[in-house]
Every structure is written in structure tokens, then in C-alpha cells.
Amino acid sequence: MEILDPTVEAATQPIAYVDRPGSLKGKRIGLIENTKYNSDKLLVKIGEILKKDYGASETRLFRKHNASVPAHEEIIVEVRKTCDVIVAGVGD
Amino acid sequence: MAVELTSKRYRVEDLDAVEFCFQQGWTDGLPVIPPTAERVEAMLAAARLDPKQEIAFITNRSVSITAEKVAINAVMAGCRPEYMGVVIAAVEGIGDPAWGYHGPGTSTGGAAVLMIVNGPIARQLDINSGDNLFGPGWRSSLTMGRALRLVMRNVCGSIPGLLDRGTLGHPGKISYVIAENEAESPWTPLHVERGFRPDQSTVTVMAAEGPHQFYNQLSPDAEGVLTTLADSMQHSGGAGRQPQYVVALAGEHMRTIAGSGWTKKEIRQFLFERTQNSLAHLKRTHRIPGEVQPGDESKMRPIVASPEDFLIVAAGGRAGSFSSFIPGWGSGNSSRATTKEVKR
């Protein structure tokens, strides 16, 4: 008997990663929180540490529509204009 | 119709084929029908589909679900070829961005896909709308839902313990298909409420918890029966997060409620008003965060965002003072029930 494969390979797509900065000194930090309880507090805390201990210049907090969707277009556009580094976190 | 199937082929001894499918990790834990080219072609022919046709694209997985892959999985699930149109519509439903595949396909919340079939196809294919509504006994119901689930597993990668991280899951994740009992229902069918004609056939998919049964043998009228239902729903799994809910009203309750002259719209409005919780209660019971503030005792939060988020269905056995409600997964804005026409 010959049978057919029910599975599929996800189409491969190239992802271009930006080089990681050597230092966070003077960098603008974007914090993207996913709306889960405490995720904002955790990210703000992380942002404070990045400023205090690593010399980041500023932080901006962005909020996704909900935890199950990617960051929406407005966030992407704004992040491109105003941030050098992103921290995205899941809170639960 | 000449078709060209492009899936990888495996040659196996006839007696080993089922075991081979287990070994490949292609099954849900139950035996499957070996998907031979002949069987897959019959499935595609019944729905008049080209194997390459894309039925849905799951963005976050970057996966195209083709008719060929749906047909292979439908064969494995035990579907007859004439079930293919319903399975296709269900796949379209979970591929709709409003359904939001990533959440229910992955979440610790453990959602199944509840499929509600409406219109003439439900009777043509003998999809169960009566006794033992959520249980075993009907090939069409059991195999269609299983086909959808095998597509999620084998094509989309929602494999339990890997990408499907449901903490508990529930038996509906094997198959979860009902039809509305339109022949006996006094009410407007679900698909007509959702914008289709009565003579169209549709599948509505909702990311869903298991069915919660309630009992009321005492009330002679709508208000009595629905008071019990509302009380049961008020503190159910989704309270505080405002998911959608399906309410399946079985024969006795259906007749009692209709005997009071209530429509589905009136049922929804009653439930909307009678299932609300105070913010104080939701905070005290740790369903929403925060300390109880002055005024929270009188600030009320509905369990759904809008009365329209109660999907009312006439379904279940004729006898017995039981009906059920089914909380949706997550919140209503992270996954919406979608309805697709069965076109084939």
C-alpha cells in the first residue's frame, strides 16, 4: 500500500536580524508589553535597570492589542522611529 | 477529474499501515484510516477541489493549508467524501484572522474548536443535533471534528505537548461537532442570525472550553429555566475576561422557553442582565486584579462584552431537563467565533 504524508513543512523565509549593539549606552529602549497582568510592571522595572546600570537614555512602553497577536502596525512604525532596542515580555 | 497529488509517498505493507501512521506521529492517539491516493482523490472530487487550492493561510505559522492536505487528514479521520465540504468550511473558519489561530491553537487555556453546523447539510449528513449531543454515536460528527483537529496537528503544528500547550485540554479536542436542531426549533437558526439565508449551509467555529451542563426540572417558564442557567454561568471559567459563550438549549428547556414566547434575542438580553458580577466580587475571588475600592460593590461587569456574544443554539435530546453552556477561550477580542458557508 502507498500512503500520503499528511504533514507540511512551514515555508522557509529569511529573517534579517539587526546586529546587537555592543553597548546600551545612550540607546533608546522600547518596551512592548502583551497586556497580561504585571507584564507592564516587569518591563518598566527592566527599563529602569537598563537606564541605571547600562546607561540607556530613555524608555517607551507600548501595549499590544492582546497577548495572542503580534505587535500591530502602529507599534512597529513608532518603534522604528523612536527606539534603538526592543524588550518584549510575557507576563502571567 | 485528473489530479496531481504532490505529497510525499510512503510504501508500507498493508497490515502495517495504521501502525506506520502512529510511528510517524500523525495521529491523535487513535488509529487512522491509511490515506491512499485513491481515497484522497475521492475526497477532493466530492468537494470539486484542486489539490493545490489554498483553503487557509495561518500567518503566525507561515503555513498554507491546501485542499490536498485537508483531504489526506479527512481520510485519516474516517470521513466519507461527502463530509469534505463541511471540513473545508471549518478550516476556512479557523484561518480567519478574527478567529486568531495562534491563541487557541497554542494556548495553555486548552481550547477545542467547537463546530456548529447549520442549514440543510446538517440533516443531509446526519450530523447530530439531538440525543447525546456532545457524545459518541454519529460518524459524521465525530470524524469531521477529528479531521479539523488532525489538520491543526499535522499541517499547522499544533501538537499536544509541543506547540499545543494546553494545561488541561478536554475531550472536545478530539472532536467537537454539533448541529442545530432546526427541524424542531421555534427560533431563528444561528446562521440566519449571523447573516446567512436559511437554505445556506454553514459551519460556525468557536474556540471553546468543554460543555457545562445545568439542570432545571422545576420551572414551567422561560424565566425559571434561564435563572438557573444564568446562575450557573455567572461564575464560570471565563467570568471577568468576557469571552463569547455558546448556549445549547435541549428539547425540554427549548419547549419551556419557547412556550413563554421568548425569542433568542430575549434570551440573550436576560442572560446579559442576570450574569453580571460586581467588580468587588471579581476582585475578592481573584478573577480580576486589584484591591476592592469604594463603589466596587455596585459597579457591575457583564460576563460578555455584548448580548450578541451569547450564541444560542437549539440542540440536545428531546427528553431530560438539561441544557448546557460553553465558555469560549480567552476573551472575546482575542478570538471571535466565525461562520463560513459550506459551498461544496
Side-chain angles (χ1 to χ4, degrees), chain A residues 1-19 30-49 59-80 83 85-92, chain B residues 5-17 20-21 24-27 32 34-37 39-40 58-66 68-76 97 100-108 150-151 153-157 288-290 329-331 333-335:
Chain A
M1 177 188 294
E2 194 174 64
I3 60 177
L4 299 171
D5 189 335
T7 69
V8 66
E9 292 292 316
T12 54
Q13 53 183 7
I15 299 175
Y17 288 104
V18 176
D19 289 338
L31 306 168
I32 301 183
E33 68 110 342
N34 72 351
T35 75
K36 290 204 174 187
Y37 184 56
N38 278 339
S39 63
D40 53 347
K41 290 179 192 156
L42 177 68
L43 284 170
V44 166
K45 186 81 182 165
I46 289 170
E48 285 168 5
I49 292 170
T59 60
R60 292 188 54 152
L61 186 67
F62 299 91
R63 190 175 168 86
K64 295 202 309 181
H65 285 317
N66 66 66
S68 302
V69 294
H72 45 280
E73 187 62 21
E74 290 86 342
I75 290 182
I76 305 290
V77 169
E78 196 62 20
V79 157
R80 277 200 172 127
C83 300
V85 173
I86 298 297
V87 181
V90 172
D92 231 341
Chain B
L5 302 174
T6 54
S7 294
K8 186 174 176 182
R9 293 173 185 240
Y10 296 86
R11 181 160 288 284
V12 294
E13 293 297 323
D14 288 8
L15 289 176
D16 298 337
F20 179 81
C21 293
Q24 297 299 307
W26 293 344
T27 95
V32 292
T36 60
R39 289 170 178 151
V40 171
I58 306 298
T59 310
N60 76 295
R61 300 287 303 137
S62 204
V63 162
S64 173
I65 306 176
T66 62
E68 178 170 338
K69 293 299 179 185
V70 178
I72 295 171
N73 283 285
V75 167
M76 289 169 61
Y101 185 94
H102 178 61
T106 313
S107 167
T108 48
L150 287 177
V151 168
R153 175 190 180 93
N154 289 326
V155 185
C156 308
I288 63 173
W329 168 85
S331 65
N333 66 7
S334 49
S335 179

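Here is the naming used below: chain letters follow the sequence lines, and residue numbers restart at 1 for every chain. Side-chain atoms are counted along with the backbone in the values below, which use heavy atoms only and exclude waters and symmetry mates.
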Out of curiosity, Leu4(A) CG to Arg39(B) CZ, how far, rounded to the nearest 0.5 Å?
11.0 Å

Rounded to the nearest 0.5 angstrom, the CD-OG1 distance for Gln24(B) and Thr7(A) is 8.5 Å

What's the verdict on side-chain contact (heavy atoms from CB on, under 4.5 Å) for Asp5(A) and Trp26(B), showing C-alpha distance, side-chain angles and the deciding distance?
CA-CA 9 Å; Asp5(A) 189 335; Trp26(B) 293 344; 3.7 Å; yes

Atom group of [X] that falls short of 4.5 Å from chain A, counting heavy atoms:
| X | answer |
| --- | --- |
| Tyr101(B) | neither |
| Cys21(B) | side chain |
| Val12(B) | both |
| Ile65(B) | neither |

Any chance you could lay out the side-chain contact (heavy atoms from CB on, under 4.5 Å) test for Asn333(B) and His65(A), step after step, and finish with the verdict?
CA-CA 9 Å; Asn333(B) 66 7; His65(A) 285 317; over 6 Å; no

Minimum heavy-atom distance between Lys69(B) and Val8(A), given as atom pair plus value
CE-CB, 4.3 Å

For the student: nearest non-hydrogen atoms of Asn73(B) and Pro6(A), plus distance:
ND2-O, 3.3 Å

With sequence neighbours left out, the residues meeting side-chain hydrogen bond (donor to acceptor under 3.5 Å, both in side chains) with Asn66(A) are none

Under the side-chain hydrogen bond (donor to acceptor under 3.5 Å, both in side chains) rule, collect the residues that match up with Glu2(A), sequence neighbours excluded.
Arg9(B)

